[in-house]
Protein chains: 2
Amino acid sequence: MSKKEDILKAATLLFATNGFKDTSMVEVAKMTGAVSATIFYHFKSKEELFLSVLGSVKDGILEEFSHYFGEKKFVNGLEMLEGTVSFYLYLAGNKAEWFLLLHRYYPYKLAKENDTCRHSLEDIYNCFVDIFEKALVQGQADGSIGKLSPRKTALLILSTVDGMVRFKNCNLYDAGALYNELISTIRQMAANKNQKT
Amino acid sequence: MSKKEDILKAATLLFATNGFKDTSMVEVAKMTGAVSATIFYHFKSKEELFLSVLGSVKDGILEEFSHYFGEKKFVNGLEMLEGTVSFYLYLAGNKAEWFLLLHRYYPYKLAKENDTCRHSLEDIYNCFVDIFEKALVQGQADGSIGKLSPRKTALLILSTVDGMVRFKNCNLYDAGALYNELISTIRQMAANKNQKT
DNA sequence: AATAAAACTGACTGATTGATCAGTTTTATT
DNA sequence: AATAAAACTGATCAATCAGTCAGTTTTATT
């Protein structure tokens, strides 16, 4: 691994666990066995380092989901929906630092004035919502999912899993313990045949 | 309003919008027309100021909910559940600074080492979950809600509304636009008569 | 009015930190 | 081996900020 990748990895961990302001360049440097000036050689400022971190997290998430859906095959839309939810929760545990970073407020604040930041965040959340939506649309086509607004329902499901992951990351409640209830609720939503679109 | 209350109000706003580290005592002081030393006369440290802010947010939330349930009467558990969700979303808009503060990571990190902080957060989230749970239990008693685990379902609903509010505060998606879908989903959950407890 | 307590302030300090830069070491190319 | 480019470093700086304290003003009490 190159030094630049080393720095990026250390910075991801530190920004995720301590936040932007509470992470010093000296800290990041020490973790890679370098000196802070080295970081400023690779990244022109602390903010640029953060943007690179967020960009690499975006790439990682997009790649993970693309890999999962490249391998996995689903018998219908409902199973795809459940698979996506499971994979999201698995990823939130397996790549906890990514989701910790996304559950900090700093990226969203920076996004207000920085296009690069905003685009990374948009790519990440669009990836999530689009997959949920695709599963819902497919499910409506194959009959495994009833009438409902795919986009809004996708957002509602994302809100729920995002909230569950946040509660877990904040040490409030355990997301895993709600898994069965979540799946059960999704099936009830899917089974709905009466609602108008 | 006393100077101490003035400081507390200014600090709430600044901690909520800029975070703990990104809020300086000079900033808080300026907002109240005072000098930073004045704040240190009322609060012995920046951390103690933050704990006081969180405590006052806790008091505010508990009082708001107690006031709402003191006035409002519900015909059954399901209506109480829907009312609670609505009030939660209303409060998240009306007292945005409270929820912005609760959607920062700093309080939860501080809670790991500080009992006062942990207790405030516990009080707040227990207030939310307990009310949802109470509505679910009451609904099961009066027949408006089917068989399900009240505690886990309460947590699931809280995850959803918490996620929706976070998305809105982060400028990602509009929570209000999902209101109808949310209520509809809750009714489907409630209508479930087949599930084992 | 006298007195004490409470509230408040200006000036200051030590520590931290993002960033710079001249100079050194390492790597790649011929 | 010679050379150039890339990677890295030690020293340093200006700015920011939490916290202190001696001293002043305001408020309450008698």
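All heavy atoms count here, side chains included; hydrogens, waters and symmetry mates do not. Every chain is numbered from 1 and lettered A, B, ... according to where its sequence line falls, protein lines coming before strand lines. Just so it is clear, the model here is predicted, and its values are computed rather than measured.
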**Message:** One character per nucleotide, please: for nucleotides 12-29 of chain C, 5' to 3', B when the base has a protein heavy atom closer than 4.0 Å, S when only the sugar-phosphate does, - otherwise.
**Reply:** -----SSBBB--------

**Request:** I would like to know whether B:Asn94 and B:Glu64 meet side chain to side chain contact (heavy atoms under 4.5 Å, CB included); could you show each step before the answer?
**Result:** CA-CA 11 Å; B:Asn94 198 251; B:Glu64 284 282 355; 5.6 Å; no

**Request:** Return the value, rounded to whole Å, for the distance between atom CD1 of A:Ile39 and atom P of D:dT9.
**Result:** 10 Å

**Message:** For a quick test of reading the model: is some side-chain N or O of A:His42 closer than 4.0 Å to OP1 or OP2 of D:dA6?
**Reply:** no

**Prompt:** What about A:Phe99 and A:Tyr88, are their ring centers closer than 6.0 Å?
**Reply:** yes

**Request:** Examine B:Lys46 relative to B:Phe20 and say whether NZ or CZ is less than 6.0 Å from the centre of the six-membered ring and inside a 45° cone about the ring axis.
**Result:** yes

**Message:** Between A:Arg151 and A:Asp130 (salt bridge meaning N to carboxylate O under 4.0 Å), is one present in this structure?
**Reply:** yes

**Prompt:** Starting at CG of A:Asp6 and ending at P of D:dA7, how long is that distance when rounded to a whole Å?
**Reply:** 14 Å

**Prompt:** Looking at A:Phe128, A:Tyr108, A:Tyr125, which hits ring pair (Phe, Tyr, Trp, His ring centres under 6.0 Å) with B:Phe167?
**Reply:** A:Tyr125

**Asked** Can you check whether B:Phe15 and B:Tyr106 have ring centres sitting under 6.0 Å from each other?
**Response** no

**Prompt:** Any salt bridge between B:Asp6 and B:Lys3, counting N to O under 4.0 Å?
**Reply:** no

**Message:** Go through it in stages, so that I can follow the logic: the residues are A:Thr84 and A:Tyr68, the test is side-chain hydrogen bond (donor to acceptor under 3.5 Å, both in side chains), and I'd like the CA-CA distance, side-chain angles, deciding distance and then a yes or no.
**Reply:** CA-CA 9 Å; A:Thr84 309; A:Tyr68 176 72; over 6 Å; no

**Prompt:** Distance under 6.0 Å and angle within 45° of the ring axis: does B:Lys4 meet both against B:Phe43?
**Reply:** yes

**Proximal nucleotide (of C:dG10, C:dA7, D:dC8) relative to the B:Val35 side chain** = C:dG10

**Request:** Give, ordered by number, those residues of residues 111-118 of chain A having at least one heavy-atom distance below 4.0 Å to an atom of DNA chain D; if nothing qualifies, reply none.
**Result:** none

**Request:** Indicate whether OP1 or OP2 belonging to D:dC8 is found under 4.0 Å from a side-chain N or O atom of A:Tyr41.
**Result:** no

**Request:** Give the stems involving DNA chain D, where a stem is 3 or more consecutive Watson-Crick or G-U wobble pairs (i with j, i+1 with j-1, and so on) under 3.5 Å.
**Result:** C:1-30 with D:1-30

**Prompt:** Counting distance only, does the side-chain N/O of A:Thr17 pair as donor-acceptor with the main-chain N or O of A:Leu13 below 3.5 Å?
**Reply:** yes

**Message:** Counting only heavy atoms from other residues, nucleotides and ligands, does the tally under 6.0 Å from NZ of B:Lys134 exceed 12?
**Reply:** no

